[in-house]
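Each remark here refers to the structure printed beneath this line.
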Number of protein chains: 2
Amino acid sequence: MSSVFKALSDPTRRRVLQLLRAGPMSAGEIAARFEVSKPTMSAHFAVLREADLVHAEKAGKSVIYHLKLSVLEEALLGFVHSFGAGAEGSRAVPDDIPDKEPAT
Amino acid sequence: MSSVFKALSDPTRRRVLQLLRAGPMSAGEIAARFEVSKPTMSAHFAVLREADLVHAEKAGKSVIYHLKLSVLEEALLGFVHSFGAGAEGSRAVPDDIPDKEPAT
DNA sequence: CTCTCGTTTCGATATTTAGCTAAACATCGT
DNA sequence: ACGATGTTTAGCTAAATATCGAAACGAGAG
């Protein structure tokens with residue numbers, strides 16, 4: 001959960017996802033659209049991979065990245081939904097645990 | 001946009017929002033549920049305020065925080081929606097501008 | 001005036017993050 | 001073996017974050 005928001009909190013990574021929304025693309029193809037160095041791009045890819053927002057598929061000598069739309073959707077929609085967006089008393093899956101005891 | 005994901009990327013702030021989903025609460029009431037210092041809590045509140053996810057209302061000597069559900073919803077749902085979640089060719093409002101020219 | 005609530009500032013530290021260059025590496029295709 | 005594609009590591013900035021304690025400060029309530 002944190003990892004998704006973390007990944008999404010960087011503009012470059014959001015741009016990568018938006019690029020990917022048009023379809024799968026190789027790492028090189030994506031990197032070509034940005035001004036950053038290769039290692040930096042690889043790091044961004046790693047963050048996106050770890051958040052499970054993209055899937056890396058090895059195709060020959062290149063790596064094809066796929067947007068995992070369903071993961072993105074489920075994470076964000078699920079989060080919003082847990083806020084009772086339309087359903088009041090919905091506790092749903094609490095992603096975080098409280099700090100102190102509810103003081104009863 | 002960035003500010004929303006930024007705000008959401010911190011567990012403490014997410015917990016604050018989840019607390020607030022039960023209804024408005026004073027800063028002190030909220031702070032009492034966390035182990036962090038007052039200045040730190042105030043900082044978190046400031047981040048949430050800046051992301052426009054909460055509204056601070058001065059009531060007497062205390063400050064009541066309200067969750068801005070609509071803002072949270074619109075931000076996240078809007079973002080997801082821009083990914084064609086259900087509508088393929090939907091460019092929608094691009095929150096980020098590309099780095100390089102589209103190479104035509 | 002004093003007390004309470006909450007914010008803000010000060011000074012300090014620790015961690016994380018984004019970024020770079022350079023070089024090494026693993027894979028794969030030719 | 002060689003060249004291309006990516007990832008990873010190393011080593012290093014620079015900036016942002018998160019945290020603290022202590023103290024000052026503004027606004028209201030009594």
Side-chain angles (χ1 to χ4, degrees), chain A residues 1-20 24-67 96-100 103, chain B residues 1-17 19-20 24-67 95-100 103:
Chain A
M1 174 57 78
S2 255
S3 57
V4 171
F5 286 122
K6 223 36 176 341
L8 257 27
S9 72
D10 182 87
T12 297
R13 287 190 289 265
R14 283 203 303 276
R15 279 177 232 144
V16 170
L17 293 181
Q18 305 222 354
L19 258 192
L20 251 28
M25 204 176 291
S26 76
E29 273 274 64
I30 300 170
R33 261 117 175 147
F34 296 85
E35 296 265 287
V36 299
S37 68
K38 273 184 201 303
T40 296
M41 275 312 293
S42 267
H44 281 309
F45 291 149
V47 172
L48 290 173
R49 263 185 263 125
E50 211 175 286
D52 201 33
L53 290 174
V54 299
H55 164 238
E57 181 200 9
K58 274 180 54 183
K61 47 185 169 186
S62 48
V63 174
I64 309 296
Y65 279 102
H66 300 251
L67 170 63
D96 298 304
I97 25 91
D99 266 11
K100 283 185 174 175
Chain B
M1 174 58 77
S2 254
S3 57
V4 171
F5 286 123
K6 225 33 178 340
L8 256 27
S9 74
D10 182 89
T12 296
R13 288 191 286 265
R14 284 202 303 275
R15 280 178 231 141
V16 170
L17 293 181
L19 261 191
L20 251 28
M25 204 175 293
S26 76
E29 274 274 63
I30 300 171
R33 262 119 174 147
F34 296 87
E35 297 265 290
V36 299
S37 69
K38 274 185 201 299
T40 297
M41 276 312 293
S42 267
H44 281 308
F45 291 148
V47 172
L48 290 172
R49 263 184 263 125
E50 211 175 286
D52 201 34
L53 290 174
V54 298
H55 164 239
E57 181 200 7
K58 273 180 57 182
K61 47 186 168 185
S62 48
V63 175
I64 310 295
Y65 278 103
H66 302 250
L67 171 64
D95 101 336
D96 298 304
I97 26 87
D99 267 11
K100 282 185 175 176

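All figures in this text were calculated on a predicted structure; none of them were measured in a lab. Naming convention: chains lettered A, B, ... in sequence-line order (proteins, then strands); numbering from 1 in each chain.
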With a 4.5 Å heavy-atom cut-off, do [X] and [Y] have their side chains touching?
X	Y	result
B:Y65	B:R49	yes
A:R15	A:P11	yes
B:F45	B:V63	no
B:E29	B:L19	no
A:L20	A:L48	no
B:M25	B:R33	yes
B:L8	B:L53	yes

Worksheet, complete the sentence: Protein heavy-atom contacts under 4.0 Å, written 5' to 3' over nucleotides 4-10 of chain C as B (base), S (sugar-phosphate only) or - (none), form the string -SSBBB-
Discussion item. So for the helix from C:dC1-D:dG30 to C:dT30-D:dA1, with five pairs setting each end axis, what is the inter-axis angle to 10°?
Written reply: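 Computed from the C1' atoms at both ends, the axes differ by 30°.
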Just how far, in rounded Å, is [atom2] of [N] from [atom1] of [X]?
X	N	atom1	atom2	result
B:I64	D:dG28	CD1	P	14 Å
B:L48	D:dT17	CG	P	14 Å
A:L8	C:dT17	CG	P	15 Å
A:E50	C:dT17	CD	P	10 Å
A:D10	D:dA16	CG	C1'	13 Å
B:R13	D:dA18	CZ	C1'	9 Å
A:E57	D:dT5	CD	P	18 Å

Discussion item. Please pick, from C:dA18, D:dG28, D:dC20, the nucleotide with the shortest atom-to-atom distance to any side-chain atom of B:K58.
Written reply: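 Comparing C:dA18, D:dG28, D:dC20 against the side chain of B:K58, the answer is D:dG28.
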Fill in: Partners passing side chain to side chain contact (heavy atoms under 4.5 Å, CB included) against A:S3 (at least two apart in sequence or in another chain)
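Checked A:S3 against side chain to side chain contact (heavy atoms under 4.5 Å, CB included); matches are A:A51.
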Fill in: Side-chain H-bond candidate by donor/acceptor type, A:S9 with A:R14, under 3.5 Å
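No - no donor-acceptor pair under 3.5 Å links their side chains.
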Worksheet entry | Test log, rule side-chain contact (heavy atoms from CB on, under 4.5 Å), inputs A:F34 and A:V16 | CA-CA 9 Å; A:F34 296 85; A:V16 170; 3.9 Å; yes
Name the atoms and distances for all side-chain donor-acceptor pairs under 3.5 Å in residues 55-62 of chain A, with sequence neighbours left out.
unit_1: A:E57; atom_1: OE1; unit_2: A:H66; atom_2: NE2; d: 2.6
unit_1: A:S62; atom_1: OG; unit_2: A:A59; atom_2: O; d: 3.3

Which atoms of nucleotides 24-26 of chain C (N or O only) lie under 3.5 Å from a protein N or O atom, and what are those distances?
none

Worksheet item: For C:dT17, does OP1 or OP2 lie under 4.0 Å from any side-chain N or O of A:H44?
Response: no
Worksheet entry | Step-by-step side-chain contact (heavy atoms from CB on, under 4.5 Å) determination, A:H44 to A:D10 | CA-CA 9 Å; A:H44 281 309; A:D10 182 87; 3.5 Å; yes
Output a table of nitrogen or oxygen pairs between the protein and nucleotides 11-13 of chain C separated by less than 3.5 Å.
none

